[in-house]
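Residue numbers begin at 1 in each chain, while the letters A, B, ... track the order of the sequences. Basis for what follows: all heavy atoms, side chains included, without hydrogens, waters or symmetry-related copies.
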2 protein chains.
Amino acid sequence: MSDQAPEQQAPEQGDEGYALERGLTDKVLDAIDAMEARTLDTLLEPLHPADIADLLEQIGGPERRALLSLWSMGIDGEILSELDENLREEVIGYLPEGVLTEAVRELESDDVVDLVEDMEEAQQQAILDVLEDADRAAVEQALSYPEFSAGRLMQRELVVAPEDWNVGQAIDFLRAEDDLPEQFYHIILVDPVYHPTGYVTLGKLLGAPRQTKLRTLTEDSFRAIPVTQPESEVAYAFNQYHLISAPVVDEDNRLVGVITIDDAMVVLDEEAEEDILRLAGVSGEESLSDRTLDTVRQRFPWLAVNLATAILASLVIAQFEEILAQVVALAVLMPIVASMGGNAGTQSLTVAVRAIATRDLTGSNLWRVVRRETVAGMLNGAIFAVIMGVIGILWFGTPALGLVIAVAMVVNLMVAALAGILVPVVLDKLGVDPALASGAFVTTVTDVVGFFAFLGLAAALLV
Amino acid sequence: MSDQAPEQQAPEQGDEGYALERGLTDKVLDAIDAMEARTLDTLLEPLHPADIADLLEQIGGPERRALLSLWSMGIDGEILSELDENLREEVIGYLPEGVLTEAVRELESDDVVDLVEDMEEAQQQAILDVLEDADRAAVEQALSYPEFSAGRLMQRELVVAPEDWNVGQAIDFLRAEDDLPEQFYHIILVDPVYHPTGYVTLGKLLGAPRQTKLRTLTEDSFRAIPVTQPESEVAYAFNQYHLISAPVVDEDNRLVGVITIDDAMVVLDEEAEEDILRLAGVSGEESLSDRTLDTVRQRFPWLAVNLATAILASLVIAQFEEILAQVVALAVLMPIVASMGGNAGTQSLTVAVRAIATRDLTGSNLWRVVRRETVAGMLNGAIFAVIMGVIGILWFGTPALGLVIAVAMVVNLMVAALAGILVPVVLDKLGVDPALASGAFVTTVTDVVGFFAFLGLAAALLV
């Protein structure tokens with residue numbers, strides 16, 4: 001690194017990556033123990049706010065409290081923005097009023113919105129009260145848009161120019177303007193009634209002669225985003241069309257704000273995270289810094305649903321008590337069919353849930369995908385039918401048992417694949433998040449079909 | 001939309017989102033059937049390349065072939081870049097040589113790298129051959145860096161200025177330069193030996209007086225990325241530090257390229273996708289446009305691993321044939337314990353896998369998280385022990401059976417939580433992707449422990 005490099009550094013640079021260095025956290029914990037505010041300042045001050053937030057999340061509750069009482073003046077708005085939502089209220093509760101006021105005032109309006117939108121009303125009001133009037137109005141306006149909408153995500157600080165300006169006029173305007181946004185990449189062109197009609201990158205602006213008309217420099221990628229559009233759609237648009245920023249318009253198509261790619265990237269990341277957790281039956285809001293009882297509460301519903309489906313499967317098994325008592329090998333092999341079906345179903349449903357999320361599964365290709373999944377399930381079923389058939393015969397010496405498990409395997413893997421694709425598609429059509437609910441339905445289908453096929457065939461063939 | 005709006009539009013604008021309109025795909029299919037090249041052109045020409053690529057992915061193979069023979073002149077480099085990797089070679093195979101040459105030549109070097117890096121050598125060479133010498137050298141240089149490294153991701157087109165320049169010199173230089181990159185957001189400052197020392201946003205440049213020194217305008221967020229850094233680390237850095245672009249340096253710390261946030265966003269999206277699919281036992285490379293046999297091949301390994309673990313569980317059950325033959329209720333209830341354990345384990349392991357991927361689980365908080373998971377598992381185990389104990393007694397009228405399933409439930413849910421967190425951590429330490437392999441290990445643990453606890457207790461208490 002050259003000696004001109006700025007002070008701020010990744011906590012650990014190099015090929016190995018960016019995770020917070022263990023040694024640093026330990027040093028911070030030592031400084032907290034020794035109550036050395038100066039040492040803390042030396043350790044934390046060079047860190048990026050995002051890394052300080054990570055550190056606050058990774059240490060324990062008592063240490064966090066001690067750190068904040070020793071180093072409250074170090075907490076700024078950016079650190080609060082980066083903090084996990086579950087910890088914000090706790091951290092804010094420890095801050096002296098002056099520090100909080102200072103921290104909140106330095107944030108852009110979209111970051112204040114993000115900070116306060118999930119707070120309880122009293123705390124939200126306390127934070128809004130410290131804002132200057134214009135900023136408070138902007139935040140309150142943003143909060144009036146639906147949760148998870150473009151209106152919540154956008155910033156209101158933007159740079160516009162009349163669409164008939166030329167490059168020289170735009171550059172002179174920017175030079176004269178004192179209060180430019182902290183980050184901006186485009187100038188948005190507006191018509192006389194403030195409809196956005198295109199945008200020009202700063203690079204194009206800088207590269208063009210002064211007399212060039214701005215409207216001849218606009219980007220093809222321009223598209224306006226309705227202020228009520230869900231943020232998941234916004235993130236999709238940024239990812240699909242490689243947008244860097246996009247103007248946001250109200251119902252009259254008037255420019256009301258701008259969304260930049262870094263905000264869209266955060267949403268895209270959160271959406272994927274939520275899908276991953278929900279597919280595993282974990283609340284999308286769960287976080288590592290949750291307390292034990294929160295974890296119990298968040299895990300419970302899915303386990304309860306699973307218990308219900310497992311009992312349903314047991315009721316199917318109970319229909320075959322007689323044959324189970326006669327052929328105990330059935331009890332030994334029974335879980336294999338259900339487990340294979342469950343896994344094959346999970347494979348199909350995960351592919352389907354993601355394809356729905358990325359808009360790759362549409363009316364045009366649905367039936368082709370259903371056919372492919374079903375045939376693939378049948379073929380894998382056939383392969384495992386042969387394997388398990390042979391194992392069944394070798395293990396228990398009963399050819400009929402091998403036949404039973406083989407047939408059950410084909411049936412169950414085919415049904416698993418079919419359910420794995422159809423359940424999420426139907427749930428999506430019904431407006432239910434397929435990531436959240438598909439697993440329970442598909443598992444029920446594969447368990448019931450698996451046990452029924454295996455034990456039913458056994459009852460028919462083995463007595 | 002004002003009448004100044006550019007031609008290019010989202011296929012379906014509004015709150016409802018961006019999925020390709022069913023009607024449009026149907027019209028395209030009709031035009032293909034009727035072999036109407038003009039109609040095809042009218043339908044497709046206004047679409048964004050990313051949407052055309054989606055359409056090519058969603059229609060069937062024969063239709064795709066027909067479309068490409070009717071409309072090959074419409075295929076450009078951007079569409080090829082947007083296409084799913086599995087389809088690129090097929091589509092390129094259908095293109096006349098002139099169209100392909102034209103398409104490849106218009107791409108930036110990083111897009112050509114992305115296009116050719118997974119191709120077979122002969123086809124890769126054919127594409128490199130149509131490039132101009134300087135571009136080919138750039139692409140070959142990029143291909144010399146490891147796969148999935150910053151060197152593959154970066155573009156070589158960049159804008160630099162000596163660190164001692166002032167704003168006026170930089171602006172004059174940009175005005176005079178004919179060959180600016182298509183997209184750039186920063187000017188990178190370099191010292192005399194081409195080490196990057198900071199960067200200045202174009203916004204700051206435009207807002208500052210001409211005599212201001214560039215080095216007084218640099219951004220805090222500046223950090224250089226080593227050319228060999230894995231792309232997953234690069235994506236993490238962009239997301240964590242809200243970077244818009246970042247300079248890439250070689251081992252001598254010399255500037256060799258720049259990575260922009262849109263490329264990082266694609267990587268972030270791909271990484272999350274890969275984790276989701278791998279957690280479900282699906283190859284991270286699987287795609288909706290795969291053929292049936294590819295799907296069979298990609299799903300098979302995980303099912304085979306699962307079969308092995310299921311057989312292991314069956315071997316445990318086989319140890320208890322005697323008690324199973326005596327108390328058939330055990331066979332009925334047995335799957336419940338295993339299923340609850342499997343689900344609780346999946347919850348823990350998914351949280352752990354994501355926390356490892358997002359660097360939220362570190363040495364500092366590992367034991368706190370392990371403790372929390374174990375206690376949470378025990379508490380949920382206790383709740384479900386009571387529920388299942390009561391159900392067991394009511395269903396089969398045997399209090400001892402209720403006790404057996406209750407104890408087995410607590411044991412299994414606690415072990416599931418513990419395995420769910422420790423298995424991914426250990427795999428990660430061993431350099432194995434925890435998303436890929438954790439599921440098999442955790443399921444084995446929960447199956448074996450679940451069956452053993454339940455049947456073992458039953459053997460001890462019920463005879």
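With contacts defined as side-chain heavy-atom distances shorter than 4.5 Å, the pair B/Glu219/B/Ile244 does not qualify. At a threshold of 4.5 Å between non-hydrogen side-chain atoms, the residues B/Gln347 and A/Glu286 do not count as touching. Taking the side chain as every heavy atom from C-beta outward, B/Met265 and A/His242 never approach each other to under 4.5 Å. A 4.5 Å side-chain heavy-atom check between A/Glu177 and A/Leu174 finds every atom pair outside the cut-off. Side-chain contact between B/Thr218 and B/Glu163 is absent, with no heavy atoms from C-beta onward closer than 4.5 Å. Using a 4.5 Å heavy-atom cutoff, the side chains of B/Tyr185 and B/Leu202 are not in contact. B/Thr197 places none of its side-chain heavy atoms less than 4.5 Å from the side chain of B/Phe222. Using a 4.5 Å cut-off on side-chain heavy atoms (C-beta onward), A/Arg223 and B/His48 make contact.
For a residue to count as touching a neighbouring chain, one of its non-hydrogen atoms must lie under 4.5 Å from one of that chain's; by this rule A/Leu189 does not touch chain B. Residue B/Leu29 does not touch chain A at all, counting heavy-atom pairs closer than 4.5 Å. In this structure, chain A has no heavy atom under 4.5 Å from any part of B/Glu322. Only the side chain of B/Leu268 has a heavy atom closer than 4.5 Å to any heavy atom of chain A. Neither the backbone nor the side chain of B/Pro181 has a heavy atom closer than 4.5 Å to any heavy atom of chain A. Looking at B/Arg175, both its backbone and its side chain come within 4.5 Å of chain A, counting heavy atoms on both sides. Of the atoms belonging to B/Gln326, not a single heavy atom falls under 4.5 Å from chain A. Contacts of B/Val375 with chain A are made by both backbone and side-chain atoms, with heavy-atom separations under 4.5 Å. In this structure, chain A has no heavy atom under 4.5 Å from any part of B/Leu243. Interface residue B/Phe384: only side-chain heavy atoms are found under 4.5 Å from chain A. For B/Val328, the part lying near chain A is the side chain, with the backbone staying farther off; criterion is any non-hydrogen pair under 4.5 Å. Contact annotation for B/Gln183: only side-chain heavy atoms (C-beta onward) come within less than 4.5 Å of a heavy atom of chain A. For chain A, the nearby parts of B/Leu361 are the backbone and the side chain; heavy atoms of each come within less than 4.5 Å. B/Ser287 touches chain A through its backbone: at least one of N, CA, C or O sits under 4.5 Å from a heavy atom, while the side chain does not. For B/Ile387, the part sitting under 4.5 Å from any heavy atom of chain A is the side chain, from C-beta outward, and nothing else. Residue contact with chain B, scored on non-hydrogen atoms closer than 4.5 Å, is absent for A/Glu271.
For the set A/Ala352, A/Gly439, A/Gly342, A/Pro335, the count of heavy-atom pairs under 4.5 angstrom toward chain B peaks at A/Pro335. In terms of heavy-atom pairs under 4.5 angstrom with chain A, the leader among B/Leu279, B/Val266, B/Leu307, B/Asp84 is B/Leu307. Interface check for chain A: of the options B/Thr350, B/Ile276, B/Asp360, B/Asp447, the most heavy-atom pairs under 4.5 Å are formed by B/Ile276. Between chain A and the residues B/Val369, B/Leu303, B/Ile336, the largest count of heavy-atom pairs under 4.5 Å involves B/Leu303. Comparing B/Leu379, B/Leu330, B/Asp269 by heavy-atom pairs within less than 4.5 Å of chain A, the highest count is held by B/Asp269. The candidate from A/Asp178, A/Leu315, A/Val282, A/Asn343 with the greatest count of non-hydrogen atom pairs under 4.5 Å with chain B is A/Asn343. Chain B forms more heavy-atom pairs under 4.5 Å with one residue of A/Ala313, A/Ala208, A/Ala272, A/Ala338 than with any other, namely A/Ala208. Ranking A/Asn239, A/Ile171, A/Thr201, A/Leu180 against chain B, the residue ahead of the rest is A/Asn239, based on heavy-atom pairs under 4.5 Å. The candidate with the highest count of non-hydrogen atom pairs below 4.5 Å against chain B, out of A/Asp262, A/Thr25, A/Asn306, A/Leu293, is A/Asn306. For chain A, the option among B/Ala325, B/Ser339, B/Gly207 with the highest count of heavy-atom pairs below 4.5 Å is B/Ser339. Comparing A/Ser232, A/Ala237, A/Ala280 by heavy-atom pairs within less than 4.5 Å of chain B, the highest count is held by A/Ala280. Interface check for chain A: of the options B/Asp290, B/Leu324, B/Leu413, the most heavy-atom pairs under 4.5 Å are formed by B/Asp290.
The existence of a salt bridge linking B/Arg299 and A/Glu373 is confirmed by a sub-4.0 Å separation between a basic side-chain nitrogen and an acidic carboxylate oxygen.
For B/Arg210, the side chain to side chain donor-acceptor pair (under 3.5 Å) partners two or more places apart in sequence, or in a different chain, are B/Asp172.
For the pair A/Ile383 and B/Phe300, the tightest heavy-atom approach, listed with the atom from each and the gap, is CG2-CE1, 3.5 Å.
Judged as a salt bridge (charged side-chain N to carboxylate O under 4.0 Å, His left out), the pairs with a partner in residues 346-355 of chain A (not counting sequence neighbours) are, in order, A/Asp275-A/Arg354, A/Arg354-B/Glu273.
A 6.0 Å sphere centred on CZ of A/Arg291 holds no more than 12 heavy atoms belonging to other residues, nucleotides or ligands.
Side-chain contact check for B/Gln240 and A/Asp54: at least one donor-acceptor pair (N or O, by modelled atom type) lies under 3.5 Å. Using modelled atom types, one finds no donor on one side chain facing an acceptor on the other under 3.5 Å when comparing B/Glu57 with B/Ser289.
Here the two rings, on B/Phe451 and B/Phe320, have centers that are 6.0 Å apart or farther.
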